[in-house]
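Below is one structure, written out as structure tokens; comments come after it.
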Amino acid sequence: MLTPSPTYDDYAQQVVDGDILACEWVKKAAERHLNDLNRDWIYEFSPEKALKAIKFMQLLPHVKGRWAANKQKIDLEPWQQFIIASIFGWVRKSDGMRRFREAYVKVPRKNGKSVLAAGIGLYCMMADDEYGAEVYSGATSEKQAWEVFRPAKLMAQKTPALLDHYGVEVNAKNLLRPADFSRFEPLIGNPGDGASPSCAIVDEYHEHDSSDLYDTMLTGMGARDRPLMFVITTAGSNIGGPCYEKELEARKVLDGVFDDDRFFSIMYGLDEEDDYKDPSMWRKANPNLGVSVSEDYLEAQVASAIRTPSRQNSVKTKHFNIWVGAKTAWLPMDTWAKCGDESLEESDFYGCPAYVGLDLASKIDVAARCTVFTKRIDDKTHYYAFPHMYLPEEALDKAKNASSYRGWSVSGHIEIMDGGEVSFDAIQEDIISLASKYPIKEIAYDPWQATQMAQNLRDAGALAIEYPHQVKYLSPAMKELEAALASGRFHHPDNPVLNWMASNVTARIDKKDELYPNKDAPENKIDGMIAVLMAIGRAMLAEDRGSLDDFLNNVVSI
């Protein structure tokens, strides 16, 4: 039943006023909507168009659970109405065309994601006034593509009056309107030549290794008057993937860092300081708590995570929208993120002690150099890490993460080298150039690949120290990094490649509680983090030697 009052505006105001418990990003989405209502600009909000989309979706039947058994129609919750009203209600004053071309919605499982996505797909095919509409439920697998299309197909089948009104046929693998050949169908991989999506729905974008499908869909929409790229997803574990990159873009738009009036986003989840085990915080992440998500269900999921630590990350991502790194991640990524500062520059640390870590494990894969500067603040050592990554061009073409690597190379966060191998000579020249600017105390290298380079650096006057990748060398550095992160003594320039590698590190713990860095898949690179640990390890030893020298000098002076 259609709510007669403008529930979406009420919802936004209640979120901003604190009457509805919400996280930072939901508050900012609500504030953006309310602020835009008072702007004198090229867009306006059309209650009629918003209510048209809401009414359409509330004529659709439930197809799952007790609501389907009772033959109930969909009754959209205020938060769902807000999303639909925002996407379809905001239009351009000059021609009435839709303002938002892209929408990124992050909401945990069991909160009615498929209902929302299926309803939007049906509306865009049937009622969006788009001649020859092409609506795709896009995914990397057939199973995932049908997760949205299947409920949409069932909704259509159960509403014959709707099919008659819009002249739509239900076929085995698509919905079709013969009058103008509008269609809605699942799509695996990229659309073929000639495809012109008017609406593309991407469910669980966090499962995508590359942005290829998203980019191709978006490019194919060029001829459409009112295209919509709609992403609805939970959080995941691949912060080097396209979904996390899209989330960072969404955050910057909501923060006002990026000015993109055609990109809508709302992200339900917990705030950084929230404990997912605290039931009073659950509503922040689960707007349908008490409707399609029960407290008993979440209690059982949390209890399972506490009882079985290996399930913790799965529960955090699926039910509380917390991004994690590797499936058994070593570092808490929310703490890591707090230590990032894009404004940091190496030139800020001229005169500070510097230590370089070199991880050159393979000439045909990622190689890493990291410079760590140290500062004494309030009698405690602070570390400032600046990474530099290298990758041979031929390896880029074969890499599973090729799409991310290409993006990082364009942004200057990874250096692509010509040919099939990393040039150690070029890295050596980089270090010599660096040493001409900063007082590099030591260069730590793994003797596996860098012995000749180390000798060349020694000949050039550098102090190059072997740093084998063994527990006795890496465990102290890992423990120091853990402590430095927790106390805010570790700082990094928010480099996306290093962020991704930090999320990939798992920790192997032996019987003596010593740590060793590992990864849970070959494509989850950690080279940059190994270089960080090597540099920190040498910095720790240098600090210990300094303390001993001070002590001996004091004894002599006595």
Side-chain angles (χ1 to χ4, degrees), residues 272-273 330-358 368-388 431 434-435 437-445 462-467 470-495 498-499 501-502 505 507 509 512-517 528-558:
E272 288 183 358
E273 67 273 12
W330 166 48
L331 296 174
M333 292 311 296
D334 54 346
T335 305
W336 174 273
K338 289 178 183 178
C339 295
D341 182 353
E342 287 183 337
S343 69
L344 290 177
E345 299 282 350
E346 286 184 336
S347 57
D348 298 336
F349 299 91
Y350 182 79
C352 295
Y355 301 85
V356 173
L358 283 177
R369 165 177 63 81
C370 185
T371 305
V372 173
F373 296 91
T374 62
K375 272 188 179 182
R376 294 291 290 180
I377 302 175
D378 296 330
D379 205 32
K380 293 182 179 178
T381 301
H382 284 242
Y383 303 96
Y384 300 82
F386 293 90
H388 194 100
I431 295 171
L434 188 71
K437 302 174 186 176
Y438 305 103
I440 295 177
K441 297 291 185 181
E442 296 180 1
I443 300 167
Y445 69 95
L463 181 58
I465 307 292
E466 280 194 13
Y467 202 98
Q470 298 173 10
V471 170
K472 66 179 180 179
Y473 294 102
L474 291 171
S475 183
M478 291 179 75
K479 292 178 179 179
E480 173 66 358
L481 179 52
E482 285 179 333
L485 275 175
S487 61
R489 296 186 292 110
F490 181 80
H491 314 269
H492 60 86
D494 205 21
N495 180 297
L498 188 65
N499 294 346
M501 290 181 174
V505 181
I509 306 175
K512 297 180 180 179
D513 287 332
E514 299 296 338
L515 304 177
Y516 187 79
M529 286 303 297
I530 297 296
V532 169
L533 292 171
M534 295 168 74
I536 287 178
R538 292 309 306 177
M540 290 169 63
L541 290 172
E543 185 173 273
D544 289 342
R545 285 197 306 274
S547 298
L548 177 59
D549 290 343
D550 290 342
F551 173 75
L552 292 175
N553 288 334
N554 288 333
V555 170
V556 171
S557 65
I558 292 172

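The minimum heavy-atom distance between Ala444 and Arg538, with the atom names listed, is CB-CG, 3.6 Å. Residues Glu272 and Asp334 approach most closely at O-OD2, 3.8 Å, considering heavy atoms. For the residue pair Leu485 and Cys339, the shortest heavy atom distance occurs at CD2-SG, 3.6 Å. Here the closest non-hydrogen pair linking Cys370 and Ala531 is CB-CB, 3.8 Å. Across all their heavy atoms, Ala477 and Met540 have their closest contact at CA-SD, 4.0 Å. For the pair Ser487 and Arg489, the tightest heavy-atom approach, listed with the atom from each and the gap, is OG-NE, 3.1 Å.
Once rounded to the nearest 0.5 Å, the distance linking CD1 of Ile465 with CD of Glu442 reads 5.0 Å. Remark: Met534 CE to Ile443 CD1 distance equals 11.0 Å, nearest 0.5 Å. In this structure, CE on Met529 lies 8.0 Å from CE on Met478, to the nearest 0.5 angstrom. Tyr445 OH to Ile431 CD1: the interatomic distance, rounded to the nearest 0.5 Å, is 12.0 Å. A distance of 5.0 Å separates CD of Glu346 from CZ of Phe373, quoted to the nearest 0.5 Å.
By the side chain to side chain donor-acceptor pair (under 3.5 Å) test, Asp494 is found to be paired with Asn499, residues two or more places apart in sequence or in another chain being considered. Not a single salt bridge (Lys or Arg N to Asp or Glu O under 4.0 Å) links Glu466 to another residue, sequence neighbours left out. Partners of Lys437 by salt bridge (Lys or Arg N to Asp or Glu O under 4.0 Å), not counting sequence neighbours: none found. Ser343 is linked by a side chain to side chain donor-acceptor pair (under 3.5 Å) to Asp341, counting only residues two or more places apart in sequence or in another chain. For Glu345, the salt bridge (Lys or Arg N to Asp or Glu O under 4.0 Å) criterion is met by no residue, not counting sequence neighbours.
Distance alone, capped at 3.5 Å, is enough to place a donor-acceptor pair between the Tyr467 side chain and the Tyr473 backbone. Under the 3.5 Å distance criterion, the side-chain polar atoms of His492 are left unmatched by any main-chain donor or acceptor of Pro387.
The side-chain heavy atoms of Phe490 and Val532, taken from C-beta on, include a pair separated by under 4.5 Å.
Put simply, the residue from Phe386, Tyr438, Tyr383 that forms a ring pair (Phe, Tyr, Trp, His ring centres under 6.0 Å) with Phe349 is Phe386. Between Tyr355 and the choices Thr374, Thr371, Ile440, the side chain to side chain contact (heavy atoms under 4.5 Å, CB included) rule is met once, by Thr374.
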Exercise for review: Check the pair Lys472 / Glu514 against salt bridge (Lys or Arg N to Asp or Glu O under 4.0 Å), numbers first and verdict last.
Suggested key: CA-CA 8 Å; Lys472 66 179 180 179; Glu514 299 296 338; over 6 Å; no
Point to revise | Residue pair Arg369, Val356: steps toward the side chain to side chain contact (heavy atoms under 4.5 Å, CB included) verdict | key: CA-CA 7 Å; Arg369 165 177 63 81; Val356 173; 3.9 Å; yes
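Sorted by first and then second residue, the salt bridge (charged side-chain N to carboxylate O under 4.0 Å, His left out) pairs involving residues 370-386 (not counting sequence neighbours) are Arg376-Asp379, Arg376-Glu543.
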